[in-house]
Protein chains: 2
Amino acid sequence: MTHVKIARGAISTGRYGQAMAEIETGAVSENRTKRKPRAANAPPAAGSGIRARSAAKNSDIVYRDLHKAIVTMELAPGAPVLERKLTEQYGVSRTPVREAVLRLVEDGLVEVAPKSGTFVARIPLSVVREALVARRALEEVTVRAATELSSESRIMQMRAIIQQQQEMADAGDEEAFHQADDAFHASIAAAARYPGIWKMIQQVRIQVERYRRLTLPQTGRMPMVVKEHTAVLDAMAAGDADAAVARMNEHLNKLQLDISIFRDLWPDYFTIDPVLDEKLFASR
Amino acid sequence: MTHVKIARGAISTGRYGQAMAEIETGAVSENRTKRKPRAANAPPAAGSGIRARSAAKNSDIVYRDLHKAIVTMELAPGAPVLERKLTEQYGVSRTPVREAVLRLVEDGLVEVAPKSGTFVARIPLSVVREALVARRALEEVTVRAATELSSESRIMQMRAIIQQQQEMADAGDEEAFHQADDAFHASIAAAARYPGIWKMIQQVRIQVERYRRLTLPQTGRMPMVVKEHTAVLDAMAAGDADAAVARMNEHLNKLQLDISIFRDLWPDYFTIDPVLDEKLFASR
DNA sequence: GAAAATTAACTGGTATACAAGATATATTAG
DNA sequence: CTAATATATCTTGTATACCAGTTAATTTTC
């Protein structure tokens, strides 16, 4: 994890210049008593929503970096997350670092032991299990709605995405392949007009993603994914929602829990709940 | 929204006493150089997970209170959330208040305009629409799994919950009625061993809940809900998963978007996205 | 030597002070 | 009287200092 210190703004003049001007006018204290405090803040106008001009805050940068590092397993489950170290790496104070860490806690990617330490969260097996179920359920309704709503241009756009994914598979670029994979599913969600549900899908995907990264790249898996995506899209193009849902389920069911991963290879990365994971216990 | 200041601990002695003791022993600087800094924090033992002894932090209290106030519409969409005011109400500093507010932002219940103000988020119509879809999808897989896993005792427990709900309906206690409603659905999730999915369901419910609170209590609705719950449970008890899913869908489909709510009654509480809500536009 | 007690130095939680942008009011100009 | 300008005082974002609890190395005790 290599970071560059967040560039601070140029040396700010602060309020000095203004203060000098005030002194020059020679009318400071008089005005202070005359002015009345401004009224309570009014809410933004209806329909306009909050302004979207929010500049990227330092905490956002730290959050994004950490998030990526954790999802890619660059930071392994159980690894300590030292606030102090992060403040030095990014050249910011603890406040924005803390903010980022708290958001990661909310995401279930980080756990904090009060007054003791903060650590990259281990992966509860039950969470992966549930994430697979939840994702299937959400992608199902999404692809169904998308089939009914998708335009011809959308279908063409998705064919292009699949084509690109094919090219990435041929090139063996796994990272780009997964980006295209993401784009395909995102496109379905966009066609369905379900941005919120897409957000939920992404959240549960993250939990599975950490698990998936541990499985060695299976030979021949990338071309297979392309075929599965094509099958989904063909059904969508034909306007057959039931078929599209079925193809999507077949696609998603390919990713199954491989118990050897956490039993033999990385037992420290997972936590097992005796009651929630009782079935897995039985099959052991 | 009436709050009592969070009770602070007794006056702390700080480190003064310890410093005095050090002086009395007369061996301060010598020891300082002898001790070596402790090793880097070790992650918690595998399998044990993080200790769950985390005491309720002040930020949690503020978060819970605000969360409740927003969901119950005690704080209306668009209402300002003043950090300063909250620090005074709770008798804590801005830090924990800020923490709580940030969590609410993550929940989509609050929006902040940088350097300007923080406000209770308006309800995007599209979010409610998607929440209804997502909840149906998630409750579907949950009730299906619950039907296959639920024990006799669980069924009996759920019958008790329905009975209690019936009693609350008779008493006309809407608040308690909704709590029992929540308990019923929670029990299904527990039977399905889906705590994570239940969490997701609750999250999307919150968005709908704010909308639901705006609809006047419909006469005869509570007894109907009890009937619907009973139908779901009967199917579960019979082990008929498909029927249970069907009954659950019928139950959830009772709550539909009533366009007059935001067109005529509380237009300021909602935001409408011209592209995501195009269908609603058309039907207007 | 081994186990218990001690203690320095780590951690995250909180309080407070300051910085910088946004906004309503007061002021001024026409 | 109206519109443009100025500015005091709001707001949130950030930095820093301190508090309190945990932990591991040290010391002590047997």
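Convention: sequence-line order gives letters A, B, ...; per-chain numbering from 1.
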Of the listed nucleotides [options], the one nearest the side chain of [X]:
| X | options | value |
| --- | --- | --- |
| A:Thr95 | C:dA22, D:dA15, D:dG21 | D:dA15 |
| B:Ser59 | C:dT14, D:dT14, C:dT23 | C:dT14 |
| B:Lys57 | C:dG12, C:dG21, C:dT14 | C:dT14 |
| B:Glu83 | D:dT12, D:dA15, D:dA20 | D:dT12 |
| B:Lys115 | D:dT11, D:dT14, C:dT11 | D:dT11 |

Distance check, rounded to the nearest 0.5 Å: [X] atom [atom1] versus [Y] atom [atom2]?
| X | Y | atom1 | atom2 | result |
| --- | --- | --- | --- | --- |
| A:Glu209 | A:His178 | CD | NE2 | 6.5 Å |
| A:Ile123 | A:Thr271 | CD1 | OG1 | 9.0 Å |
| A:Asp60 | A:Glu99 | CG | CD | 8.0 Å |

Problem set entry | Lys/Arg N to Asp/Glu carboxylate O, B:Arg129 vs B:Asp273, below 4.0 Å | no

For this session: Indicate the ring-plane relationship of B:Tyr269 and B:Trp266, choosing parallel, tilted or perpendicular according to the 30° and 60° boundaries.
Result: parallel

For the pair made of [atom1] in [X] and [atom2] in [N], what is the distance, rounded to whole Å?
| X | N | atom1 | atom2 | answer |
| --- | --- | --- | --- | --- |
| B:Arg84 | D:dT9 | CZ | C1' | 11 Å |
| B:Leu82 | D:dT9 | CG | C1' | 14 Å |
| B:Leu86 | D:dT11 | CG | P | 11 Å |
| B:Arg94 | C:dA19 | CZ | P | 15 Å |
| B:Lys85 | D:dT11 | NZ | C1' | 15 Å |
| A:Tyr90 | D:dA15 | OH | P | 14 Å |
| A:Asn58 | C:dA20 | CG | P | 13 Å |
| A:Asp60 | D:dT12 | CG | P | 17 Å |

For this session: Under 4.0 Å between any heavy atoms, over every strand shown, what does A:Val97 touch: base, sugar-phosphate, or nothing? Just pick one.
Result: nothing

Exercise. Has B:Ser93 got a side-chain N or O lying under 4.0 Å from the OP1 or OP2 atom of C:dA15?
Worked result: yes

